[in-house]
Student: 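This is the structure I want to talk about, given as structure tokens.
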Number of protein chains: 2
Amino acid sequence: MESEQAILALAALAQSTRLDVFRLLARHEPEGLAAGDLARALAVPQNTMSSHLAVLSRARLVTARRHGRSIVYRADLKAFQSVVLFMLRDCCNGRPEICGPLIEDLTPCCPPKPRRKANA
Amino acid sequence: MESEQAILALAALAQSTRLDVFRLLARHEPEGLAAGDLARALAVPQNTMSSHLAVLSRARLVTARRHGRSIVYRADLKAFQSVVLFMLRDCCNGRPEICGPLIEDLTPCCPPKPRRKANA
DNA sequence: TCACTATTTCGATAATTCCGGAAATAATGT
DNA sequence: ACATTATTTCCGGAATTATCGAAATAGTGA
């Protein structure tokens with residue numbers, strides 16, 4: 001991922017409504033949510049929501065697909081992952097001694113197994 | 001980390017000069033760089049750089065410390081880590097089945113130690 | 001104190017973003 | 001074709017951000 005693309009994504013997420021939208025869509029993977037449902041859920045006018053969705057879409061953080069009358073939006077978790085990866089690479093670039101503990105502390109986010117830091 | 005703080009950080013990084021600044025500072029940990037050095041390195045006027053540094057500072061992504069005549073800035077990697085963690089939590093919230101592979105794919109960034117298999 | 005260096009603050013302008021009312025576009029069913 | 005529903009586009013105003021010249025502040029050394 002290139003800087004320009006990452007900046008688009010960071011800017012897209014740096015706004016509370018859009019952050020909420022992405023949160024909500026991530027939670028509704030893989031079904032997605034229609035634009036109107038998003039507007040209703042977050043109590044935002046449809047046209048305002050539409051422009052926010054356009055920003056997220058330009059940033060490639062969400063995808064849109066027409067489904068009957070509705071347009072269903074989905075979070076693009078792969079793209080989101082790319083952004084996180086980009087940030088970490090930026091921070092770690094050639095400095096594993098810094099990134100190492102970061103990744104380690106990161107892991108508890110979604111512990112596949114561990115319950116305590118009984119590691120050694 | 002709360003949303004508001006995260007949004008400040010994302011917004012701070014969503015600008016090319018500031019992203020470059022953070023990159024540069026991360027690479028110059030733990031010594032840091034003086035404001036003037038940053039301005040020179042990125043070919044930006046001092047006052048412009050100063051306002052960018054203020055934004056990064058408000059977002060807690062950098063710290064400043066006077067050192068003689070200069071003010072030396074340092075990347076706050078802990079704060080950066082918090083932002084990344086926040087993003088991942090937002091994405092994974094209650095959905096390890098999504099976050100799991102994400103973390104796994106993330107690990108190759110800086111593999112400090114042999115990773116164990118997720119799941120079993 | 002004075003001169004010098006480093007950085008920030010002030011102030012102004014241009015550009016961008018956010019918001020939402022109103023109108024336009026698109027799909028569906030009759 | 002028409003009415004209905006879902007969403008977007010158009011438009012304008014308010015707020016915020018980016019940029020940078022000029023002036024102000026802070027530290028250093030003679």
Side-chain angles (χ1 to χ4, degrees), chain A residues 3-25 28 31-76, chain B residues 3-25 28 31-76:
Chain A
S3 290
E4 196 161 335
Q5 186 65 28
I7 284 176
L8 273 180
L10 293 171
L13 293 175
Q15 204 278 344
S16 59
T17 301
R18 288 195 296 262
L19 187 55
D20 288 341
V21 166
F22 190 80
R23 254 195 277 248
L24 207 47
L25 287 179
H28 281 79
E31 316 87 33
L33 280 175
D37 291 338
L38 286 165
R40 211 168 307 115
L42 298 179
V44 166
Q46 289 184 326
N47 53 357
T48 300
M49 178 56 73
S50 181
S51 65
H52 282 313
L53 288 170
V55 172
L56 285 166
S57 201
R58 260 198 304 282
R60 314 262 166 196
L61 286 170
V62 305
T63 58
R65 212 183 127 210
R66 187 172 275 279
H67 222 265
R69 295 179 187 176
S70 302
I71 295 184
V72 174
Y73 283 86
R74 287 188 55 187
D76 186 337
Chain B
S3 291
E4 195 161 336
Q5 187 64 29
I7 284 176
L8 273 180
L10 293 172
L13 293 175
Q15 203 278 345
S16 60
T17 300
R18 289 195 295 263
L19 187 55
D20 287 342
V21 166
F22 190 82
R23 251 196 280 248
L24 208 45
L25 287 179
H28 281 79
E31 316 87 32
L33 280 176
D37 291 338
L38 286 166
R40 212 169 307 115
L42 299 179
V44 166
Q46 289 184 324
N47 53 359
T48 300
M49 178 56 73
S50 181
S51 65
H52 283 313
L53 288 170
V55 172
L56 285 166
S57 202
R58 260 198 305 283
R60 315 261 167 198
L61 286 169
V62 306
T63 59
R65 212 183 127 210
R66 187 170 274 279
H67 221 265
R69 297 180 187 173
S70 302
I71 295 183
V72 174
Y73 282 86
R74 287 188 55 188
D76 186 336

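Atom set for the values below is all heavy atoms of this structure, side chains included, hydrogens, waters and symmetry mates excluded.
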Student: Identify each donor-acceptor pair in which a side-chain atom of residues 43-50 of chain B lies under 3.5 Å from a protein atom, sequence neighbours left out, and give them as a table.
Tutor:
none

Student: What do the steps show when you test A:Leu25 against A:Leu61 for side-chain contact (heavy atoms from CB on, under 4.5 Å), and what is the final call?
Tutor: CA-CA 10 Å; A:Leu25 287 179; A:Leu61 286 170; over 6 Å; no
Student: Which residues in residues 10-18 of chain B have a heavy atom closer than 4.0 Å to any atom of DNA chain C?
Tutor: none
Student: How would you label the contact of B:Ala54 with the nucleic acid (heavy atoms, under 4.0 Å): base, sugar-phosphate, or nothing?
Tutor: nothing
Student: Go through the structure and list residues passing side-chain hydrogen bond (donor to acceptor under 3.5 Å, both in side chains) with B:Arg40, not counting sequence neighbours.
Tutor: B:Asp37
Student: On DNA chain C, check which nucleotide each of A:Ser51 and B:Ser50 is closest to and give me the residue with the more 5' one.
Tutor: B:Ser50
Student: Scan for ring pair (Phe, Tyr, Trp, His ring centres under 6.0 Å) pairs involving residues 49-68 of chain A, sequence neighbours excluded, and state none if there are none.
Tutor: none
Student: Who pairs with B:Ser3 by side-chain hydrogen bond (donor to acceptor under 3.5 Å, both in side chains), at least two apart in sequence or on another chain?
Tutor: A:Arg23
Student: A:Ala11: what forms a side-chain contact (heavy atoms from CB on, under 4.5 Å) with it, not counting sequence neighbours?
Tutor: B:Ala14
Student: Sequence neighbours left out, what passes side-chain contact (heavy atoms from CB on, under 4.5 Å) with A:Leu8? Give chain and number order.
Tutor: A:Gln5, A:Ala59
Student: Using Watson-Crick or G-U wobble pairs with both distances under 3.5 Å, give me DNA chain D in dot-bracket, 5' to 3', with [ ] for crossers and | for pairs to another strand.
Tutor: ||||||||||||||||||||||||||||||
Student: Please, which pairs that meet salt bridge (Lys or Arg N to Asp or Glu O under 4.0 Å) have at least one residue in residues 64-76 of chain A, sequence neighbours excluded?
Tutor: A:Glu29-A:Arg74
Student: Among residues 58-76 of chain B, which contact DNA chain D at a heavy-atom distance under 4.0 Å?
Tutor: B:Arg66, B:Gly68, B:Arg69
Student: Taking A:Arg18 as the fixed residue, which of A:Val55, A:Leu13, A:Leu53 is the one that meets the side chain to side chain contact (heavy atoms under 4.5 Å, CB included) rule?
Tutor: A:Val55
Student: So which atom in B:Leu24 and which in B:Ala41 form the shortest heavy-atom distance, rounded to 0.1 Å?
Tutor: CD2-CB, 3.8 Å
Student: Taking DNA chain C as the partner, which of residues 41-49 of chain A come within under 4.0 angstrom of it by heavy atom?
Tutor: A:Pro45, A:Asn47, A:Thr48
Student: To the nearest Å, how far apart are A:His52 NE2 and D:dT8 P?
Tutor: 13 Å
Student: Pick base, sugar-phosphate or nothing for A:Ala34, based on heavy-atom distances below 4.0 Å to the nucleic acid.
Tutor: sugar-phosphate
Student: Identify the 5'-most and 3'-most nucleotides of DNA chain C with at least one atom closer than 4.0 Å to a non-hydrogen atom of chain A.
Tutor: C:dC18 to C:dT28
